[in-house]
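Encoded as structure tokens, the structure appears first; notes follow it.
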Amino acid sequence: MLKHLGQTRDTNSQAENWFRTTKNIVLKNKLHRRPGDFIQTMHQFISGRMRGVRVTEIRQKVMEEKELEEIDKPLSQEEQWRKKKTKRKKSKYYNPPKAQIIKKASYTSPPWSGHGKLGQRFITMTNTCTIDNLLYIMYLAMKTRPFILSEIEQMKMKDSWMNTLLEVYQHFSVGQWSQGKISWLKNLDRFQGKDLWDAFGSEGDYVVCRLDYIHHNERLSVCDARKCPFPELSKLCWSVAVLCNDFSDLQQSINNWVADNHSLPCRKKWRNGRVCRGRRTYTARKFVHGVPPFVIMAIDATVTCDGHPEMQPPMLPSSVLLCDERQESPF
Ligand SMILES: [Zn+2]
């Protein structure tokens, strides 16, 4: 058949494969059929196969474009140039569609783990549950409440983590979930020079304690003794942690945390060993940099959620007052 084109073999692998597929898969080795039955079976198979190819191609194209945008799109620039795509070489042989061709779905929230770029370095992240939820909640808060975003913008010159939070926001806004996470984690010394970033640990370590600029609060303790070695002391705290066993009392628990109006024996020592017999009273807490636009509040409880309906998340009030300023629940 092909001898006049200089090919000496009588058939080729494409034809061989197709006849094998027809015999084994399409006709299921039932070879004695009526012509009508043969045509119907072949028609069904071929139109199904064509549909599969079309759907796969369209999806593949969409996914590739999305992925390119995700990695290569710069955060802010006036003109945007997309990388020239090299055409994917198509297989000449018959291959049934494989599930793994579909690379990944597009997400509306940060997926677990991720890949991305830091300069020229390719980064793979794993165990990112320590940052996924909190970064996403903060992103949603900034997105839905513009005053939070503008207050964070005002703080970016004063605190590097607030600046980082804006970077996360910009990436998340365009669906660059992995790049957003990389911009947060890149500040941690433990990942310097590494390609695999394992974020296993606690949310307190990876996120909450990095927000000490907004959480930073101070209270004074004043001694009532006429002569005390430390008449006035300042106590600093870098978190907002309240004790609450019933969410319907959350506002009261927060008020107690802010007021913190308790007193106790001073017992501060002079150099000569004499102990002060005065009473030391604490004043209300104040946020060092003003009441923050948002806080991540740690709620300590002596009971668990199980068997305590008053501690189930739906019982959280929609908003609370913190130092006379309203804070809304993110949910
Ligand atoms: Zn004292």
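Order of appearance sets the numbers: ligands from 1, and atoms from 1 within every ligand.
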message: Filter on ring-ring contact (aromatic ring centres under 6.0 Å, His included), then keep only pairs touching residues 230-259, sequence neighbours left out; what's left?
response: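 Every pair satisfying ring-ring contact (aromatic ring centres under 6.0 Å, His included) with a residue in residues 230-259: H216-W238.
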
- request: Can you sort out the partners of D37 under side chain to side chain contact (heavy atoms under 4.5 Å, CB included), two or more places apart, ordered by chain and number?
  value: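 D37 satisfies side chain to side chain contact (heavy atoms under 4.5 Å, CB included) with R33, R34, T41 once adjacent residues are dropped.
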
task: Could you name each residue pair satisfying side chain to side chain donor-acceptor pair (under 3.5 Å) that touches residues 222-235, not counting sequence neighbours?
output: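 Only E218-S234 qualify under side chain to side chain donor-acceptor pair (under 3.5 Å).
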
message: Closer than 2.8 Å to the Zn ion (ligand 1), what protein N/O/S atoms do you find?
response: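 Under 2.8 Å from the Zn ion (ligand 1) - ignoring waters, which are not counted - the protein N, O or S atoms are C223 SG, C228 SG, C266 SG, C276 SG.
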
Beyond-backbone contact of W184 with L165, side-chain heavy atoms, under 4.5 angstrom: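 Counting from C-beta outward, W184 and L165 do come under 4.5 Å.
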
- request: Examine W161 together with Y213 and report whether their ring centres are nearer than 6.0 Å.
  value: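 Centroid distance W161-Y213: not below 6.0 Å, so no.
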
query: Under a single-linkage definition using a 4.5 Å side-chain heavy-atom cutoff for Ile, Leu, Val, Met, Phe, Trp and Tyr, are Y282 and V288 assigned to the same hydrophobic cluster?
result: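 Different clusters.
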
